[in-house]
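In what follows, chains carry the letters A, B, and so on, assigned in the order in which the sequence lines appear, proteins first and then strands, with residues in each chain numbered from 1.
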Amino acid sequence: MTIRVYNTMTRSKEEFVPREAGKVAMYVCGPTVYNHIHIGNARTFLSFDVIRRYLMWRGFQVTFVQNITDVDDKIIKRATEERRTPAEIAETYTLAFRSAMDELGVLPPTRQPFATQTIPAMIDMVKRLIERGHAYVADGDVYFSVRSFPGYGALSGRNIDELESGARIDVDERKQDPLDFALWKSAKPGEPHWPSPWGEGRPGWHLECSVMSEGELGLPLDIHGGGSDLVFPHHENERAQSEAATGTMFARYWLHGGMLQINAEKMSKSLGNFLFLKDVLARYPAPVIRLLMLQTHYRSPLDFSDARLEEARAALERIENLVRNLRWVGEREPEGSGVPRPALERLSSAIEGTRAKFIEEMDDDFNTAAALASVFELARTANSFVSEHQGDIGGVERAVLHSAEELVTDLLGALGVDIAPETASSYPPDVVQVAAELAGYQGSDPQEAVRALLAARDAARSERNWAAADAVRDGLEMLGFTVEDTPQGVRVIYR
RNA sequence: GGCGACGUCGCCAAGUGGCAAGGCAGAGGCCUGCAAAGCCUUUAUCCCCGGUUCGAAUCCGGGCGUCGCCUCCA
């Protein structure tokens with residue numbers, strides 16, 4: 001079985017064959033650290049986190065490199081506004097970025113180079129481009145000559161002449177062609193600067209990704225990823241620089257994620273309709289946000305809203321309940337005499353079928369929505385099995401149900417969704433007080449207190465004293481517990 | 001103006017030639033002392049018009065609508 005990916009370069013799905021068997025060299029454009037990242041940035045990083053995790057799950061050794069762009073016009077602008085140095089701005093938002101990614105559950109990159117620590121290699125690439133006739137110096141600036149690179153436009157599907165006629169490009173006298181872009185910019189007073197053969201200056205956008213990806217991974221990269229708004233000009237220019245400088249293919253597969261929208265419009269800082277990731281994380285747990293993203297294919301536009309977050313929350317609960325139900329059955333002593341063989345075999349084959357379907361869908365350009373559907377179908381099958389046969393669960397059945405539980409957590413884990421285990425250790429201390437009032441509990445241990453409350457409720461129920469029983473349940477629910485009476489007895493969930 | 005993507009149930013969404021996945025929400029029912037969880041039942045000639053085909057949501061042409069890129073953008 002092979003994995004197929006949609007390659008922007010060829011506009012088609014292709015079989016994924018890495019340059020070295022079993023290993024994947026992956027580069028995803030990281031943030032320019034001039035502000036907190038927004039939920040649209042987060043979508044892209046989440047999409048590539050899922051791709052990376054899935055490739056790992058499928059047995060590839062993935063080297064994942066993501067840059068931090070810590071020198072840029074926007075950082076300088078922000079620094080001026082806040083009367084801080086660009087380095088301070090960059091540091092502040094680098095730390096914010098890392099902690100937000102961590103909270104979102106995005107795996108840290110294998111390596112995360114900084115643009116400012118790669119300046120000599122950038123200067124070196126600019127030199128190579130000048131030597132090869134792909135760049136020229138003008139007044140302390142260095143420009144890349146797009147006409148010197150025959151494949152320019154191939155990635156984004158445009159040609160130079162059309163771009164020029166469409167032109168909203170500022171005409172700069174120093175450029176030989178309006179589409180030429182800066183490799184090196186001479187520094188104005190007060191701007192960060194580094195010495196170079198062309199005078200004090202700083203690198204242009206695009207250059208850092210070319211240099212860092214090559215430096216960390218070597219060429220060609222297997223996967224180069226980013227949001228679809230980076231296709232032009234950023235990735236087009238990166239590719240032109242790198243291939244012109246090295247004569248080697250830059251990236252084997254170009255993957256681009258769809259835009260996140262709010263009210264059917266792209267969210268962007270310039271439109272002012274953006275949400276910071278940190279603010280969304282303050283209201284919804286990371287797995288809810290991740291599940292919302294997973295329910296749409298990574299290349300499609302995704303409309304983001306509170307309503308969709310609520311839906312995702314409910315959908316995640318369905319999966320969590322499934323796992324909880326399976327664990328609950330698995331932890332009981334098997335008492336039943338067994339389930340008819342055909343029913344058990346249907347369950348077993350559903351479990352195997354789910355794994356196969358999940359892999360088939362994910363192998364097809366990371367179709368997370370369809371892969372998730374296979375898990376939901378298993379939920380129905382396993383839940384009905386339990387509800388139909390709950391009195392007959394024996395050792396064999398228990399083992400099969402346990403394998404279903406393991407499969408669900410494994411598959412969701414492959415997508416980066418951790419199904420939270422029950423954490424009995426973190427019961428709130430207030431429960432002791434409630435237990436003292438309602439159950440005459442004398443001790444100080446929250447877990448014992450809960451047990452005492454449940455025993456008191458049980459006693460009340462057997463006397464058909466519903467008021468007393470419900471008082472216990474209400475007391476527990478006020479503290480965040482959910483009390484459920486199952487055919488196997490009462491269980492309590494704390495979240 | 002140029003290039004590109006998309007239009008599938010009330011909402012979200014998968015599905016690129018052969019009986020239209022899944023999630024959320026709604027309705028009815030089962031289970032329960034009541035709940036919770038769960039189960040069952042229930043809602044789609046796939047934007048419109050033509051064409052190709054034995055057969056089209058899926059391919060082709062036209063129309064309408066939405067969005068993205070072309071300028072910093074994930």
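- Rounded to the nearest Å, the gap between the C1' atom of B/A14 and that of B/A57 is 12 Å.
- Among the heavy atoms of the strands lying under 4.0 Å from A/R308 are primed sugar atoms or P, OP1, OP2 only; no base atom is included.
- Side-chain proximity of A/E377 to the nucleotides B/C39, B/A74, B/G22 is greatest for B/G22.
- A sub-4.0 Å separation between OP1 or OP2 of B/A14 and a side-chain N or O of A/S300 is present.
- Using a 4.0 Å heavy-atom criterion, one finds that A/Q261 contacts the sugar-phosphate atoms exclusively.
- Put simply, the side chain of A/R473 and the base of B/A35 share a donor and an acceptor less than 3.5 Å apart.
- Within the 4.0 angstrom heavy-atom criterion, only backbone atoms of the sugar-phosphate kind lie near A/N325; the bases stay farther away.
- With a cut-off of 3.5 Å on both Watson-Crick or G-U wobble distances, the partner of B/G28 is given as B/C40.
- Residues A/F16 and A/Y253 bring their aromatic ring centres within 6.0 Å.
- Look at B/A5: its Watson-Crick or wobble partner, with both distances under 3.5 angstrom, is B/U66.
- Distances shown here put every side-chain N or O of A/R313 at or beyond 4.0 Å from the OP1 or OP2 atom of B/A25.
- Under the stacking criterion of a centre-to-centre distance below 5.5 angstrom and an interplanar angle below 30°, A/W466 sits stacked against the six-membered ring of B/G33.
- Relative to the ring axis of A/W328, A/R491 places its NZ or CZ within 45° and under 6.0 Å from the centre.
- In this structure, B/G55 makes no Watson-Crick or G-U wobble pair, since no nucleotide meets both defining distances under 3.5 angstrom.
- Between A/Y494 and A/Y427, the gap from one ring centroid to the other is short of 6.0 Å.
- Side-chain N/O atoms of A/E311 and base N/O atoms of B/G23 include a donor-acceptor pair closer than 3.5 Å.
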Full working for ring pair (Phe, Tyr, Trp, His ring centres under 6.0 Å) between A/H235 and A/H206: CA-CA 7 Å; A/H235 287 166; A/H206 319 306; 9.4 Å; no
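- One finds a side-chain N or O of A/N367 lying less than 4.0 angstrom from the OP1 or OP2 phosphate oxygen of B/G15.
- A salt bridge links A/K185 with A/D73; the closest basic N to acidic carboxylate O contact falls under 4.0 Å.
- Within 4.0 Å (heavy atoms only), A/R457 reaches at least one base atom of the nucleic acid.
- One finds no side-chain N or O of A/R324 lying less than 4.0 angstrom from the OP1 or OP2 phosphate oxygen of B/A36.
- Nucleic acid contact for A/E388: none, since no nucleic acid atom lies under 4.0 Å from a heavy atom of the residue.
- Checking B/C40, B/A37, B/A74 against every side-chain atom of A/S384, the shortest atom distance belongs to B/C40.
- At the heavy-atom level, A/H256 lies nowhere under 4.0 Å from the strands shown.
- Across all strands shown, A/R11 has no heavy atoms under 4.0 Å from either base or sugar-phosphate atoms.
- Within 4.0 Å (heavy atoms only), A/L260 reaches at least one base atom of the nucleic acid.
- A 3.5 Å limit on both hydrogen-bonding distances identifies no Watson-Crick or G-U partner for B/U16.
- Contact annotation for A/G157: backbone-only contact, meaning every heavy-atom pair under 4.0 Å involves sugar-phosphate atoms and none involves a base.
- Residue A/N383 has a polar side-chain atom (N or O) positioned under 4.0 Å from OP1 or OP2 of B/C39.
- Separation of the A/H38 and A/F276 ring centroids does not fall under the 6.0 Å cut-off.
- The side chain of A/E484 lies closest to B/A35 when the candidates are B/A74, B/A35, B/G38.
- Residues A/V434 and A/L476 are not in side-chain contact: their nearest non-hydrogen atoms beyond the backbone lie 4.5 Å or more apart.
- Residue contacts shown for A/D73 are absent, as no nucleic acid heavy atom lies under 4.0 Å away.
- On the P atoms, B/A21 is 27 Å away from B/G29, given to the nearest whole Å.
- In this structure, A/R318 reaches the sugar-phosphate backbone alone: every heavy-atom distance under 4.0 Å involves primed, P, OP1 or OP2 atoms, never a base.
- Within 4.0 Å of A/V483, counting heavy atoms only, lies at least one base atom of the nucleic acid.
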